[in-house]
2 protein chains.
Amino acid sequence: MTERLIQSIERAADVLELFLTNGPELSVKEISDKLQLSKSTVHGIIKTLEHRGYLQQNPEDLKYKLGIKLFTLGNFVGKHLDIGNIARPIIRELADEVNETVHLVTIQRDEVIYIEKVEGPRALTIYSHIGKRAPVHCTGVGKAILAHLSEKEVDRLLSAASLEAFTGYTMTDVNQIKKQLVTIRETGYAVDDEEIELGLKCIAAPIFNHKGNVIASISCAAPKMRLVEEKLPRVIAGIKSAAAEISKSLGYKGNNF
Amino acid sequence: MTERLIQSIERAADVLELFLTNGPELSVKEISDKLQLSKSTVHGIIKTLEHRGYLQQNPEDLKYKLGIKLFTLGNFVGKHLDIGNIARPIIRELADEVNETVHLVTIQRDEVIYIEKVEGPRALTIYSHIGKRAPVHCTGVGKAILAHLSEKEVDRLLSAASLEAFTGYTMTDVNQIKKQLVTIRETGYAVDDEEIELGLKCIAAPIFNHKGNVIASISCAAPKMRLVEEKLPRVIAGIKSAAAEISKSLGYKGNNF
DNA sequence: TTCTTTCATTCGCCATTGTCGAACAGCGTT
DNA sequence: AACGCTGTTCGACAATGGCGAATGAAAGAA
């Protein structure tokens, strides 16, 4: 199990990923400081990445930013993430119907990742974007997926995630979360009620592939005050049926349990 | 000018980019063959990239495909990258090839706006500059965009614009223009033949984003007398393929939904 | 102006790192 | 069972890339 990892590639990855967290433009010095590597080392890495189009230098201030090659590769990946293509029209329709923002996510490396987003017509926008990652334990989409994984997987994911508390409502007790997963399985949808961000509520439902495994989920996210009373049942029904429709398009045969 | 390039990063880039040309799933062997590297070397690179999320292995057939991290990075780039950067090298090349001025425009508030211009080597310069606005109904770039908008949008734009006649050739009848849009859709390019300025002819083609919407267009503009006979087909082919290339870089998947 | 500071970039040396060939381990086929 | 085809692991050696120091270039400060 001793994998042979190549240091310079890891370092290059460190450099690239630094841009995700530290803003779109960085100087050699900023990078070498953050990564604790010598300027000359960082310079070498950067020039190589630039040469390949993974970074590009701004001639004005000599700073660097992520390059077009990444955009090309990213789009290629997106194209072959076929669930996105299938789900897109369906969630778009749902977003129109409920007048709210709808997200599509999958689970990857212990976290939830947003692969599609349709903004509702209402201007008030939720902070999220395609490619964003979020924890599983305190998002509707995360819990919708968790609820349909094996006990073993759930344990792994909940222990890997540090169960950070983002708000006073975030659940940080594994058993408490597991208990909720039962309800989610029974009702067919998951709720995130200000567990990751105050004022934000989400209703989510799972998506299954042709083998019957959960591979994704969708959610409707809105300011808490908008998901109430008469509207809530409509949103729940909408999310559940949209999720079911996507599952069906993916070849899922139905819920036999 | 002797840049110090780091080999293993270049090799990692080679691996990633191989997926762009050789299909979405490759095995270790396929990669090592194509790159003429030993299996163990490739294996090391791949495992590193996989470890970082740049590749992922399909547990079924053990083949690898591009990973989600690239998706994340690509979307980040997309958000901070404007079309100008993507298009610039492509239209520059085109300008060299056809020896004429090439423009890139988008549509903004009912008008066309020039966001990039590459002058051809020939001195005779067309009056235009970055930031300039022009009407949609009598420019090649405007019509190329119009042709791919919804009927509703077209109506709105053509009524908002006053359909001013700049020359004796300017079309001012909505129905006449709409008829021409059909031809533009069929042939894939638009022509402006002295419709905005006497003696000026343009050949334009539309640019689509990843969602399949027109967001821009490019054109080759030249004195009418230079766009004739043998040269015209070359220019048309050049403009169309450059536009297609830009669209592709933007994630446009092709015209089959 | 001239001196100072701050970065980006280049260079040469040496230890570290990654490459290769070979061996091992699974799996399906003959 | 033996073979052929993979993906994966291992050890040894040499090329490679990392570091510190030098250079260049630009922007302030005196």
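Remember, predicted model here, so these are calculated numbers, not experimental data. Per chain, numbering begins at 1; letters A, B, ... match sequence-line order.
- Phosphate contact (OP1/OP2 of D/dT8, side-chain N/O of B/Lys47, threshold under 4.0 Å): present.
- Ion pairing between A/Glu111 and A/Arg133 holds under the 4.0 Å rule for side-chain N and carboxylate O.
- In this structure, the nucleotide among C/dA8, D/dT9, D/dG20 sitting nearest to the side chain of B/His43 is D/dT9.
- Salt-bridge annotation for B/Glu97 and B/Arg234: absent, with no side-chain N of the basic residue lying under 4.0 Å from a carboxylate O of the acidic one.
- Considering only side-chain atoms of A/Val28, the nucleotide from C/dT9, C/dG18, D/dG7 that sits closest is C/dT9.
- With distances taken from any side-chain atom of B/Ser40 to the nucleotides C/dT17, C/dG21, C/dA8, the minimum falls on C/dG21.
- Proximity note for B/Ser8 (side chain, C-beta onward) versus C/dA8, D/dG7, D/dG17: the nearest is D/dG17.
- Distances from the side chain of A/Ile6 to the nucleotides C/dG21, C/dG18, D/dT6 place C/dG18 closest.
- Side-chain N/O atoms of A/Glu153 and A/Ser150 include no donor and acceptor closer than 3.5 Å.
- The side chain of A/Tyr64 places no N or O atom within less than 4.0 Å of a non-bridging phosphate oxygen (OP1 or OP2) of C/dC7.
- Residue-to-nucleotide contacts include no donor-acceptor pair under 3.5 Å from the side chain of B/Lys29 to the base of D/dG7.
- Ionic pairing of A/Asp33 and A/Lys29 is present here: one or more N-O contacts between side-chain nitrogen and carboxylate oxygen are shorter than 4.0 angstrom.
- Within the nucleic acid shown, B/Gln57 comes within 4.0 Å of sugar-phosphate atoms alone, with no base atom in reach, counting heavy atoms only.
- The side chain of B/Gln7 sits closest to D/dT16 out of C/dA8, D/dT16, C/dG18.
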